[in-house]
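Along the sequence shown, residues are numbered consecutively beginning with 1.
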Amino acid sequence: MRRQLVAFLALFISQWALATHIVGGEVMYRYLGNDKYQITLNLFIDCVNGAAGAIAQDSLANFTVFKASDNSLITSLCKSVPRNKPERITKLNYDCIALPPNACVDKYVYIDTLTLPQIAGGYVIAFQRCCRNHSITNLVNPGTTGATYWTQIQDTLATGINNSAYFKELPPNFLCTNAPLKFDHSAVDPDGDSLVYELYHPYLGASDSDPRPSFSKVSSPPFVQVSFANGYNFANPIDGSPALAIDPITGLLTLTPSQQGQYVIGILVKEYRNGVLVGITRRDYQFNVLNCQFKVVSTYNANDSACGYKMIFSNNSSGAKTFRWDFGDTLTNNDTSTLQSPQYTYPGA
């Protein structure tokens, strides 16, 4: 009986460790002087579906350091870093949701200082963890798919001192089908470098058999990319019409999602100084797309036939406080009304 209990507890603990709770992450750095860098990991966690035991185990994050010139592990520089208290992501993209969906994301911040002497090629700083949400739509076997969040600090002798750019805002924690998203995904660069935005292919990391690898067992660069399900890729990671796009100059992210689901998306910003690439910040993030119920519904009827061109519109909308009509008359700009149930006479058939 005792052996069975021990076996059950071991299985229960291992399930906690690999529980699917990872929503996304990003790694950034800031130069403090004297070869010291402040490294920040933002880790985004599903606070509805994530197992409490797995989330508790992430009280420490392993900052793994590699030599960028040959991708070798520098064990002496690796560090286990404690996290700050979670910040609940509550930003909404819509003002008129009847019942906010059951979507919950917590942001955990891990910050510490590493001493990184100047070396040729610089350093790669990475964090690896398994696993992502099992319900993700656009990945193959998402429940056993881990993640690597990483950045590279360039050789300072070649490019000069640099601080990584950071994104100003987090996307909303859920999106609604058939509702347009226009989100300012731009970044701030402390050094005044030129910024360019792109979608990128997110990375694997760790495994379901070793979800929190020790420093000696992490995978080395170049990191393996996730496997997208059929019909998806990093440039088209989510069902949408119009499709997901990011303006390379402004960072404006646009999308009208068309299918409910959970989608992993990679967004990065590149820093250029005098035409030379000096840094990249990557954000690996999960978009939750839901069928939302809106408080405001726009609907109306018009008379099916009329003698002449006068149309009478019956307003059947609900939840609105004001109205604005556009009657679609291409011959004038005065084809609008703010009445609740207006009339309009067209110039012809």
Side-chain angles (χ1 to χ4, degrees), residues 12-28 39-64 79-93 100-112 125-139 141-151 166-167 169-175 183 185 202-208 210-213 218 226 237-238 261-267 281-290:
F12 187 62
I13 292 172
S14 66
Q15 287 176 337
W16 265 8
L18 60 86
T20 56
H21 64 294
I22 301 294
V23 170
E26 56 194 5
V27 179
M28 296 156 292
I39 310 298
T40 300
L41 164 68
N42 292 330
L43 188 63
F44 307 108
I45 297 296
D46 187 328
C47 39
V48 169
N49 302 306
I55 296 173
Q57 285 188 339
D58 286 334
S59 60
L60 294 174
N62 289 337
F63 285 10
T64 310
K79 201 169 187 179
S80 293
V81 178
R83 68 188 176 193
N84 295 338
K85 292 182 179 180
E87 174 190 349
R88 183 64 46 87
I89 306 303
T90 58
K91 181 176 180 179
L92 300 179
N93 189 51
N102 190 22
C104 179
V105 176
D106 277 341
K107 172 185 173 183
Y108 287 93
V109 180
Y110 303 77
I111 300 178
D112 211 328
I125 315 296
F127 168 76
Q128 298 180 356
R129 181 67 162 105
C130 192
C131 300
R132 300 175 187 261
N133 271 335
H134 63 83
S135 53
I136 290 173
T137 306
N138 64 343
L139 298 185
N141 299 323
T144 56
T145 296
T148 296
Y149 311 124
W150 64 283
T151 191
Y166 59 91
F167 295 111
E169 298 286 347
L170 276 176
N173 61 356
F174 69 90
L175 307 179
F183 176 72
H185 207 291
Y203 296 91
L204 290 171
S207 66
D208 55 339
D210 190 10
R212 288 178 49 85
V218 296
V226 299
I238 183 171
Q262 295 176 313
Y263 303 87
V264 169
I265 293 172
I267 299 170
T281 301
R282 301 168 182 84
R283 171 176 284 172
D284 179 327
Y285 201 71
Q286 175 187 299
F287 278 16
N288 300 309
V289 181
L290 304 164

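Expressed to the nearest 0.5 Å, how far CD1 of I136 lies from CD of Q286 amounts to 4.5 Å. For the atom pair N288 CG and D46 CG, the distance stands at 7.0 Å (nearest 0.5 Å). To the nearest 0.5 Å, atoms CD1 (I125) and CG (L41) are separated by 11.5 Å.
Between I39 and F127, every side-chain heavy-atom pair lies at or beyond the 4.5 Å cut-off. In this structure, the side chains of F183 and P171 come closer than 4.5 Å at one or more pairs of heavy atoms. Taking 4.5 Å as the limit, every side-chain heavy atom of I238 sits out of range of all side-chain heavy atoms of N138. Contact check for I45 versus V23: no side-chain heavy atoms found under the 4.5 Å cut-off. A heavy-atom distance below 4.5 Å is not found between the side chains of V218 and N62. In this structure, R83 and Y110 have side chains that are in contact, with non-hydrogen atoms separated by less than 4.5 Å. Within the 4.5 Å cutoff, the side chain of L43 has heavy atoms near those of the I22 side chain.
For C130 against A206, the heavy-atom pair with the smallest separation is N-CB, 3.7 Å. For the residue pair C131 and G143, the shortest heavy atom distance occurs at CB-O, 3.2 Å.
A 6.0 Å sphere centred on OH of Y166 holds no more than 12 heavy atoms belonging to other residues, nucleotides or ligands.
Applying the salt bridge (charged side-chain N to carboxylate O under 4.0 Å, His left out) criterion to K79, with sequence neighbours excluded, gives D112. Every residue two or more places apart in sequence or in another chain that forms a side chain to side chain donor-acceptor pair (under 3.5 Å) with D284 is listed here: R132. Listed by chain and number, the residues in a side-chain contact (heavy atoms from CB on, under 4.5 Å) with A126 are F66, T148, W150, F223 (sequence neighbours excluded). For L170, the side-chain contact (heavy atoms from CB on, under 4.5 Å) partners are F44, I89, K107, R283, Y285, not counting sequence neighbours. Qualifying salt bridge (charged side-chain N to carboxylate O under 4.0 Å, His left out) partners for D106, counting only residues two or more places apart in sequence or in other chains: R88. With sequence neighbours left out, the side-chain contact (heavy atoms from CB on, under 4.5 Å) criterion links T40 to M28, Q38, N42, V109, I111. In this view, Y108 satisfies the side chain to side chain donor-acceptor pair (under 3.5 Å) rule with no residue, not counting sequence neighbours. Here F167 pairs with H185 under the ring pair (Phe, Tyr, Trp, His ring centres under 6.0 Å) rule; sequence neighbours left out. Residues satisfying the side chain to side chain donor-acceptor pair (under 3.5 Å) criterion with S59, sequence neighbours excluded, are absent altogether.
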Exercise for review: Please report the C-alpha distance between R129 and R212 in whole Å, then the side-chain angles of each, then the deciding distance to 0.1 Å, and finally whether the side chain to side chain contact (heavy atoms under 4.5 Å, CB included) criterion is met.
Suggested key: CA-CA 6 Å; R129 181 67 162 105; R212 288 178 49 85; 3.4 Å; yes

